[in-house]
Amino acid sequence: RYVFEAANVGKSMTLPTGEVDTNQAFADFLGYTRDELKGKRWQDLTPKEDIDAAEQAIAPLLAGEKSATRFEKRYAHKNGELLWADVSVAMRRDADGNPLYFMTTVVDIGTRKQAEEALRRSEEYHRLLAENTLDVIWIINLDLKFAYVNPAITSLTGHTPSEWIGSRLPEHCDEENFGVMAQVIADEMAKGPEGGGVIFETEMLEKNGESLPVEIHGA
């Protein structure tokens, strides 16, 4: 009981019927006083659309198939805000194996979820930029194989991105220009973290084999 009360993360002893007995940290997380939470069920503190998923997560514990589980779920703050939490649940049983209560630990992961969403939006933003720019953007592996190329490659060389990805740099330039490019790449790699990128002109090959003057910005 002391550990339960003193914990700085949310804890709850939850009956199989759903009623919760929370510590102060859990009450603070939800924006309620502990008295206000008396008589409430975890379902009352969960967005309606999330209840089924949470019930499915704890069903194996009630059935005796598992003794503990862990999952992420949302809670509804008193002010209506939705909060993300990492939830660890263990089932306590009596001597006959009957379920007594769930011991639940709730860790606020709202900041992490916000960071994940910001990263997702940033990645989507940069993907849209890359997919819609008129400049060719590619990623080339250390074995000089193309791992990514944007759709602008088609207007530049006549290749589709799927034709270009997986091919190697030597396939897209003559021997002399490949030697120049390979040396530039090697020199840049040798600089390590100090390398500030390179800009150089060379010639590559269009799909029909004709020479194509290009300016490359790389890092």
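The first residue in the sequence is number 1, and the count goes up from there.
Note on Val184 and Val136: same hydrophobic cluster, where clusters join Ile, Leu, Val, Met, Phe, Trp and Tyr whose side-chain heavy atoms are under 4.5 Å apart, directly or indirectly. Linking ILVMFWY side-chain heavy atoms closer than 4.5 Å, directly or via other members, places Leu30 and Met13 in two distinct hydrophobic clusters. Under the 4.5 Å side-chain heavy-atom criterion for ILVMFWY residues, a single connected hydrophobic cluster contains both Ile51 and Val20. In the hydrophobic clustering of this structure, Ile140 groups with Phe200; members are Ile, Leu, Val, Met, Phe, Trp, Tyr whose side-chain heavy atoms approach within less than 4.5 Å, directly or through other members. Leu83 and Val87 fall within a single hydrophobic cluster, where Ile, Leu, Val, Met, Phe, Trp and Tyr side chains are chained together by heavy-atom contacts under 4.5 Å.
Applying the side chain to side chain contact (heavy atoms under 4.5 Å, CB included) rule to Asp174 yields the partners Glu176, Asn177; only residues at least two apart in sequence or on another chain are considered. Partners of Glu124 by side chain to side chain contact (heavy atoms under 4.5 Å, CB included), not counting sequence neighbours, listed by chain and number: Arg127, Leu128. In this view, Glu210 satisfies the side chain to side chain donor-acceptor pair (under 3.5 Å) rule with no residue, not counting sequence neighbours. Partners of Arg168 by side chain to side chain contact (heavy atoms under 4.5 Å, CB included), not counting sequence neighbours, listed by chain and number: Leu144, Lys145, Pro170, Glu171. Partners of Arg70 under the salt bridge (charged side-chain N to carboxylate O under 4.0 Å, His left out) rule, at least two apart in sequence or in another chain, are Asp86. Here Glu117 pairs with Arg120, Arg121 under the side chain to side chain contact (heavy atoms under 4.5 Å, CB included) rule; sequence neighbours left out.
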Can you give me every donor-acceptor pair (side chain of residues 95-106, partner residue at least two apart or in another chain, under 3.5 Å) with its distance?
unit_1: Asn98; atom_1: ND2; unit_2: Asp94; atom_2: OD2; d: 3.2
unit_1: Tyr101; atom_1: OH; unit_2: Arg92; atom_2: NH1; d: 3.4
unit_1: Thr105; atom_1: OG1; unit_2: Lys11; atom_2: NZ; d: 2.8

Side-chain donor-acceptor contacts of residues 211-219 below 3.5 Å, not counting sequence neighbours, with atom names and distances?
unit_1: Ser211; atom_1: OG; unit_2: Glu203; atom_2: OE1; d: 2.6
unit_1: Glu215; atom_1: OE1; unit_2: His217; atom_2: NE2; d: 2.9

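Looking at every heavy atom in both residues, Leu142 comes nearest to Met189 through CD2-CE, 3.7 Å. When all heavy atoms are compared, the tightest approach of Lys78 to Gly31 is CD-O, 3.3 Å. Listed here is the closest heavy atom pair of Ala76 and Pro47: N-CD, 4.2 Å. Considering every non-hydrogen atom in both Gly158 and Glu163, the closest pair reads O-OE1, 4.2 Å. Among all heavy-atom pairs drawn from Gly197 and Glu188, the shortest one is N-OE2, 3.0 Å. Nearest approach of Tyr148 to Ala130, heavy atoms of both residues: OH-CB, 3.6 Å.
You'll find the side chain of Tyr2 stays beyond 4.5 Å of the side chain of Glu5, heavy atoms only. Looking at heavy atoms from C-beta onward, Lys207 lies out of side-chain contact with Leu156 at the 4.5 angstrom threshold. Using a 4.5 Å heavy-atom threshold, the side chains of Tyr32 and Leu45 count as touching. Under the 4.5 Å side-chain criterion, counting only non-hydrogen atoms from C-beta, Lys113 is in contact with Glu72. Between Ser12 and Asn23 the shortest side-chain heavy-atom distance does not fall below 4.5 Å.
Separation of atoms CD1 (Ile153) and OG1 (Thr160) is listed at 10.0 Å; rounding is to 0.5 Å. The CE atom of Met91 lies 5.5 Å from the CZ atom of Arg93; values are rounded to the nearest 0.5 Å. We find the CD-OG1 distance between Glu36 and Thr22 to be 10.5 Å, quoted to the nearest 0.5 Å.
Using a cutoff of 4.0 Å between basic side-chain nitrogens and carboxylate oxygens, Lys38 and Glu19 are not scored as salt-bridged.
Every pair tested for side-chain hydrogen bond (donor to acceptor under 3.5 Å, both in side chains) that includes a residue from residues 133-144 fails, sequence neighbours excluded, so the list is empty. Within the structure, side-chain hydrogen bond (donor to acceptor under 3.5 Å, both in side chains) pairs that include any residue of residues 50-64 comprise Asp50-Arg74 (at least two apart or interchain). Sorted by first and then second residue, the side-chain hydrogen bond (donor to acceptor under 3.5 Å, both in side chains) pairs involving residues 149-159 (not counting sequence neighbours) are Thr157-His159. Under the ring pair (Phe, Tyr, Trp, His ring centres under 6.0 Å) criterion, the residue pairs touching residues 66-98 are Phe26-Tyr75, with sequence neighbours excluded.
A distance-only check finds no donor-acceptor pair linking the side chain of Arg34 to the backbone of Ala27 [under 3.5 Å].
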Give the intermediate values and the outcome of side chain to side chain contact (heavy atoms under 4.5 Å, CB included) for residues Phe146 and Ile139.
CA-CA 6 Å; Phe146 291 94; Ile139 297 173; over 6 Å; no
Could you give me the CA-CA distance, side-chain angles and deciding distance for Val3 and Arg1, then say whether side chain to side chain contact (heavy atoms under 4.5 Å, CB included) is met?
CA-CA 5 Å; Val3 171; Arg1 170 59 67 169; over 6 Å; no
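More than 12 heavy atoms of other residues, nucleotides or ligands lie within 6.0 Å of CG in Leu119, so this atom counts as buried by the packing criterion.
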